[in-house]
Every structure is written in structure tokens, then in C-alpha cells.
Amino acid sequence: MAVADRLTVLQRTPLFHRLNRRQIEQVGKRFVERTYKPGDKIVTQGKGGEGFFVIMEGQVEVIRQQVDGAEVVLHSLEVGDFFGEMALLTERLRTASVVATEPTCCLVLTRWDFLGLLREDADMAVAVLQELATRFCRVLDIM
């Protein structure tokens, strides 16, 4: 994937929309590209996570296994959507599984790379944390 395409998608990602061009370029350098086949589990409920994912191509389903064993599809995500933002700040276990439903390419940012970026640029840290707080408030209003 071309660097310009990568930067464009990252700039449109809500978590990073408050960042300036230089900061987006810094973030973009830390992402790695991963591809998945239909049926591949990208993340698994109850397991540790490697980080934050932005979908560049393809589609995935977010699936949560209930206490009774039943699986519920919570969301379908596509190009430009993202998941795993909680893994950027905590080492808690994944709360749902994410499975590719078609050939999928994601950009992945590990927690360690993310924290390194925040340590290097306090303004970036403030911008990203403000966006995360906004997202959490939206979720809490729904509950």
C-alpha cells in the first residue's frame, strides 16, 4: 500500500483526526500491514491483544461469545473502520473476537509503539486521549 494512501486513511480515522500532518506521518511510520483470509481470527475474545487495527481492505465481524456459549455478531466493520483502541492503553484481555469475512488488509499499531509516540509528543498524547475520552463518553451515554 502506498504511503500516501496509508496517511489518508489514518487521517480519516477518528482516533487521529485531531493530529497535524507531521504527527500523522509519525504515527504512519509505526503501523505495520497485515493480511487475513476469510475466516481468520484477527483478535480472540479472552486473549491478550497486540494493538490497534485500521481496516484498509476487506470486511470483518466483531463477535462476542455469551456466557451460555452463543455467539452474537455485534458489528460488521469495513474499510476505514478500526478496532482494538482499548489495547493501546491497557493490557486487559479482548472483550470480543474479530473475524475476517473476506480477504482483509489491516494496518496494526502495537501498544508499545503507541506509548512510545505519546512519550515523544505530548501534544499528540493530549489529542488522542481527548478523542478516546469522547468515544468513551458516547458509549457510556448509550448504556
Side-chain angles (χ1 to χ4, degrees), residues 1-67 71-143:
M1 168 171 296
V3 173
D5 293 338
R6 179 185 284 206
L7 295 178
T8 298
V9 171
L10 291 176
Q11 207 158 26
R12 291 181 184 154
T13 302
L15 189 61
F16 303 124
H17 83 273
R18 298 174 192 243
L19 302 184
N20 63 40
R21 178 74 179 181
R22 179 191 58 76
Q23 291 167 327
I24 288 288
E25 289 172 356
Q26 290 295 82
V27 170
K29 291 177 188 176
R30 302 285 180 104
F31 275 89
V32 295
E33 195 171 307
R34 297 259 170 83
T35 57
Y36 304 93
K37 299 179 297 236
D40 283 354
K41 271 194 178 178
I42 301 171
V43 300
T44 303
Q45 181 178 335
K47 304 277 183 178
E50 70 177 276
F52 174 73
F53 296 75
V54 178
I55 302 170
M56 301 301 288
E57 297 173 14
Q59 188 172 1
V60 304
E61 287 184 337
V62 180
I63 301 169
R64 179 147 174 90
Q65 186 170 12
Q66 304 297 319
V67 175
E71 290 187 343
V72 177
V73 175
L74 301 176
H75 304 285
S76 290
L77 304 175
E78 53 193 33
V79 175
D81 289 331
F82 61 92
F83 56 94
E85 62 270 28
M86 289 299 295
L88 292 176
L89 298 174
T90 179
E91 293 182 15
R92 296 187 68 174
L93 301 179
R94 296 288 185 173
T95 58
S97 296
V98 178
V99 179
T101 56
E102 58 185 58
T104 299
C105 175
C106 293
L107 293 178
V108 184
L109 178 65
T110 66
R111 179 176 188 268
W112 303 273
D113 282 334
F114 175 73
L115 293 176
L117 283 166
L118 298 186
R119 285 184 189 104
E120 293 169 12
D121 186 335
D123 290 336
M124 182 188 303
V126 170
V128 170
L129 293 173
Q130 285 175 330
E131 183 58 32
L132 282 172
T134 299
R135 294 179 61 77
F136 294 146
C137 287
R138 273 191 229 128
V139 169
L140 293 174
D141 284 344
I142 293 171
M143 298 178 141

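- Remark: E25 engages R21 in a salt bridge, criterion side-chain N to carboxylate O under 4.0 Å.
- Between the Q23 side chain and the N20 main chain, a donor and an acceptor come within less than 3.5 Å of each other.
- Scanning both residues, K41 and S97, for their nearest heavy atoms gives NZ-OG, 4.0 Å.
- In terms of heavy atoms, C106 sits closest to I42 at SG-CD1, 4.5 Å.
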task = Check step by step if ring-ring contact (aromatic ring centres under 6.0 Å, His included) holds for F82 and F16.
result = CA-CA 11 Å; F82 61 92; F16 303 124; 8.0 Å; no
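- Within the 3.5 Å criterion, the main-chain N or O of E102 finds a donor-acceptor partner in the side chain of T104.
- Inter-residue side-chain proximity for T95 and R64 is flagged as met; some heavy-atom pair is nearer than 4.5 Å.
- Between R30 and E120 there is a salt bridge, since a side-chain N of the basic residue sits under 4.0 Å from a carboxylate O of the acidic one.
- Remark: side-chain polar atoms of T101 are paired, donor with acceptor, to backbone N or O of Q59 under 3.5 angstrom.
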request  = Check step by step if side-chain contact (heavy atoms from CB on, under 4.5 Å) holds for V128 and F114.
outcome  = CA-CA 10 Å; V128 170; F114 175 73; 3.5 Å; yes
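- Using a 4.5 Å heavy-atom threshold, the side chains of D40 and T35 count as separate.
- Counted by atom type alone, Q26 and D121 present zero donor-acceptor pairs between their side chains at under 3.5 Å.
- In this structure the side chain of V43 reaches within 4.5 angstrom of the side chain of F53, judged on heavy atoms.
- The heavy-atom pair separating L77 from V62 by the smallest distance is CD1-CG2, 3.7 Å.
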inquiry  = side-chain contact (heavy atoms from CB on, under 4.5 Å) for I55 and V9? Distances and angles first, verdict last.
reply    = CA-CA 9 Å; I55 302 170; V9 171; over 6 Å; no
query = After noting the C-alpha distance and the side-chain angles of D113 and F31, does the key distance pass the side-chain contact (heavy atoms from CB on, under 4.5 Å) rule?
reply = CA-CA 8 Å; D113 282 334; F31 275 89; over 6 Å; no
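- Side-chain contact between E131 and H17: present, with at least one pair of heavy atoms (C-beta onward) separated by less than 4.5 Å.
- Contact of the R18 side chain with the Q130 side chain is registered, since non-hydrogen atoms from C-beta on lie closer than 4.5 Å.
- Of the possible donor and acceptor atoms, none in the side chain of Q65 sits under 3.5 Å from a partner among the backbone N and O of Q45.
- Side-chain atoms of R6 come within 3.5 Å of backbone atoms of G28 as a donor-acceptor pair (strictly under, hydrogens ignored).
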